[in-house]
Amino acid sequence: MNELTLDNKIMPVVVSVSSINEPTNKEEYIYDCYALYIVTEGQVKIIEQDITYTLNKGSLLFTSKALSHTLTPATTPFCVNCYKFNMEAQTSGTTGTFILPKILHNISDSILYEKAALYMKMFNSGNYYLGLDINVKFYDILSECIKLNNNYHPGQTNLSDHIANYLHEHINEQLNTKNMEKHFYLTYKYMGTAFKKETGYTILNYHTMLRMKSAAHLLLTTTGSIDEISRQLGYSDALYFSRIFKKHYLVPPQVYRKNTLKNHTPT
């Protein structure tokens, strides 16, 4: 592959996204664009310029623009996701260019793999408004390739920190997993696994804990009724809210308020 670089001033332009899961009989491909292949099932062999690349599930490969290559399945069944894209010519005055790896293996447990899978679903969903940032999201995928290739691990923040901040910002709402996936561009399953590993909490339990702490604060600092406080925190059923609160504090909210205020009343 002619060296492909990612420039922080140049946006990739996605041409198409598709899956290949039928035998090709060594069909030759020549694209007037670059292609990113990610194997999601089985094993395939891609030959480009007489070099054979063997890709197992969880491997990816970039092919060059205008160079012929063949794709041959080595197992059945198999599935390869293909992301075709163009890059503008490099410009002067850039503030950072990064070399994309030709090939990566063992990405199945990475954020990159999850983002690429979700991107395919989004691209093919038919949602007109996704076109507004479809190239931005693909740039994010390419940047993850560079980070993974260079074993990049940001020291100051991690995924669980971002999720926790998100849950704080949505403390007065019921947990909406679909909105979280759209916000983080990751599957809820992946986020849940990472969050539990890093914090010991499930996302739902952590969010509920935040809401109950907020409820306790409102009970002690406002005169709002149980019904008003439950609605303020996004609970439509005050009885359900009271059951959740009792589960966390071992007493119903009205008893918690009465007992705590009584114990803190000046003599």
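All values derive from a computational prediction rather than experimental measurement. No hydrogens, no waters, no symmetry mates; every other heavy atom, side chains included, goes into these values. In this chain, residues are counted from 1 in sequence order.
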- Message: Are N81 and V17 packed together at the side-chain level, in the sense that at least one heavy-atom pair is separated by less than 4.5 angstrom?
- Response: no

- Item | Side chains of Y139 and L6 in contact at under 4.5 Å (non-hydrogen atoms) | yes

- Query: How about K247 and R243: do any of their side-chain heavy atoms sit closer than 4.5 Å?
  - Reply: no

- Query: At their closest point, which heavy atom of Y113 faces which heavy atom of G58, and how far apart are they?
  - Reply: CE1-CA, 4.1 Å

- Task: Kindly indicate whether the side chain of F184, heavy atoms from C-beta on, has any atom under 4.5 Å from the side chain of M191.
- Result: yes

- Donor-acceptor contact present, side-chain S225 to main-chain E228, <3.5 Å: yes

- Query: Are the side chain of T222 and the backbone of L219 linked by a donor-acceptor contact shorter than 3.5 Å?
  - Reply: no

- Heavy-atom pair of closest approach, residues P12 and F85: CB-CD1, 4.3 Å

- Message: Using 30° and 60° as the class boundaries, would you call the ring planes of Y206 and H168 parallel, tilted or perpendicular?
- Response: perpendicular

- Do any N or O atoms from the side chain of N205 and from the backbone of Y201 form a donor-acceptor pair under 3.5 angstrom? no

- Query: What do the steps show when you test T52 against K45 for side-chain hydrogen bond (donor to acceptor under 3.5 Å, both in side chains), and what is the final call?
  - Reply: CA-CA 7 Å; T52 301; K45 295 182 183 294; over 6 Å; no

- Message: Between L239 and V251, is there shared hydrophobic-cluster membership here, with clusters defined by ILVMFWY side-chain heavy atoms closer than 4.5 Å?
- Response: no

- Item | Distance in Å, L112 CG paired with L142 CG, rounded so as to fall on 0.5 Å steps | 9.0 Å

- Query: Between N21 and V80, is any pair of side-chain heavy atoms under 4.5 Å apart?
  - Reply: no

- Query: Should we count CG of N106 as having more than 12 external heavy atoms under 6.0 Å?
  - Reply: no

- Task: Check whether more than 12 heavy atoms from other residues, nucleotides or ligands sit under 6.0 Å from atom NE2 of H217, and answer yes or no.
- Result: no

- Message: Let's go through M180 and L175 carefully: what are the C-alpha distance in whole Å and the side-chain angles of both, what is the deciding distance for side-chain contact (heavy atoms from CB on, under 4.5 Å) to 0.1 Å, and is it a yes or a no?
- Response: CA-CA 8 Å; M180 282 193 70; L175 186 67; 3.7 Å; yes

- Taking every heavy atom of M11 against every heavy atom of N135, the minimum-distance pair comes out as SD-O, 3.5 Å

- Within one Ile-Leu-Val-Met-Phe-Trp-Tyr cluster: I99 and I146, side-chain cutoff 4.5 Å: no

- Under 3.5 Å side-chain donor-acceptor pair for Y37 and H69: yes

- Taking the six-membered ring for Trp and the single ring otherwise, decide whether the centroids of F62 and Y34 are under 6.0 Å apart. no

- Item | ILVMFWY network linking F245 to L261, side-chain heavy atoms under 4.5 angstrom | yes

- Query: What are the two closest heavy atoms between L55 and L60, and how far apart are they?
  - Reply: CD2-O, 4.2 Å

- Message: For E48, is there an ion pair with K102 - N to carboxylate O distance below 4.0 angstrom?
- Response: yes

- Is there a donor-acceptor pair closer than 3.5 Å between any side-chain N or O of S214 and the backbone N or O of L210? no

- Message: To the closest 0.5 Å, what do you measure between CD1 (I111) and CG (L118)?
- Response: 12.5 Å

- Task: Mark yes when over 12 heavy atoms from residues, nucleotides or ligands other than K246 sit less than 6.0 Å from its NZ; otherwise mark no.
- Result: no

- Under the 3.5 angstrom rule, does the side chain of E198 hit a backbone N or O of S160 as a donor-acceptor pair? yes

- Message: Measuring centre to centre across the rings, with the benzene-like ring taken for any Trp, is H170 within less than 6.0 Å of Y166?
- Response: yes

- Identify whether L250 and V255 are in the same connected component of the hydrophobic contact network (ILVMFWY, side-chain heavy atoms under 4.5 Å). no

- Indicate yes or no: at least one non-hydrogen side-chain atom of C79 is less than 4.5 angstrom from one of V39. no

- Query: So, N124 side chain and M120 main chain: donor-acceptor pair closer than 3.5 Å or not?
  - Reply: yes

- OG1 (T177) and NZ (K189) are apart, to the nearest 0.5 Å, by 14.0 Å

- Item | Audit row: Y29, L71, side-chain contact (heavy atoms from CB on, under 4.5 Å) steps and yes/no | CA-CA 8 Å; Y29 297 98; L71 185 152; 4.0 Å; yes

- Query: Can you tell me if D133 uses its side chain to pair, donor with acceptor, with the backbone of V136 under 3.5 Å?
  - Reply: no

- Item | Flag, side chain of T260 to backbone of R257, donor-acceptor distance under 3.5 Å | no

- Query: If you take all heavy atoms of F78 and I20, which pair is closest and at what distance?
  - Reply: CE1-O, 3.5 Å

- Task: Would you check, one step at a time, whether the test ring pair (Phe, Tyr, Trp, His ring centres under 6.0 Å) holds for Y190 with Y188?
- Result: CA-CA 5 Å; Y190 181 88; Y188 182 73; over 10 Å; no

- Query: Taking a hydrophobic cluster as the set of Ile, Leu, Val, Met, Phe, Trp and Tyr residues connected by side-chain heavy atoms closer than 4.5 Å, whether directly or through intermediates, do L218 and Y240 fall within one such cluster?
  - Reply: yes

- Message: As an exercise, state the distance from CD1 of I107 to SG of C145, rounded to the nearest 0.5 Å.
- Response: 7.0 Å

- Note on the structure: Rounded to the nearest 0.5 angstrom, the OG1-CD distance for T76 and E22 is 9.5 Å

- Query: Can you find a side-chain donor-acceptor pair between E114 and T187 that sits under 3.5 Å?
  - Reply: yes

- Task: Show your reasoning for whether side-chain contact (heavy atoms from CB on, under 4.5 Å) applies to Y119 and Y83.
- Result: CA-CA 10 Å; Y119 183 90; Y83 308 79; 3.9 Å; yes

- Item | Shortest non-hydrogen contact between S64 and L67, atoms and distance | CB-CD1, 3.5 Å

- Item | Rounded distance [0.5 Å steps], CD in Q49 versus OG in S68 | 8.0 Å

- Task: Check whether any side-chain heavy atom of H248 lies under 4.5 Å from a side-chain heavy atom of T208, and answer yes or no.
- Result: yes

- Message: If you apply the rule side-chain contact (heavy atoms from CB on, under 4.5 Å), what do you find for N86 with K65, and how did you get there?
- Response: CA-CA 8 Å; N86 277 309; K65 186 175 184 177; 3.6 Å; yes

- Between F241 and R211, is there a cation-pi geometry (under 6.0 Å to ring centre, at most 45° from the normal)? no

- Would you mind reporting whether K57 and T40 have side-chain heavy atoms less than 4.5 Å apart? no

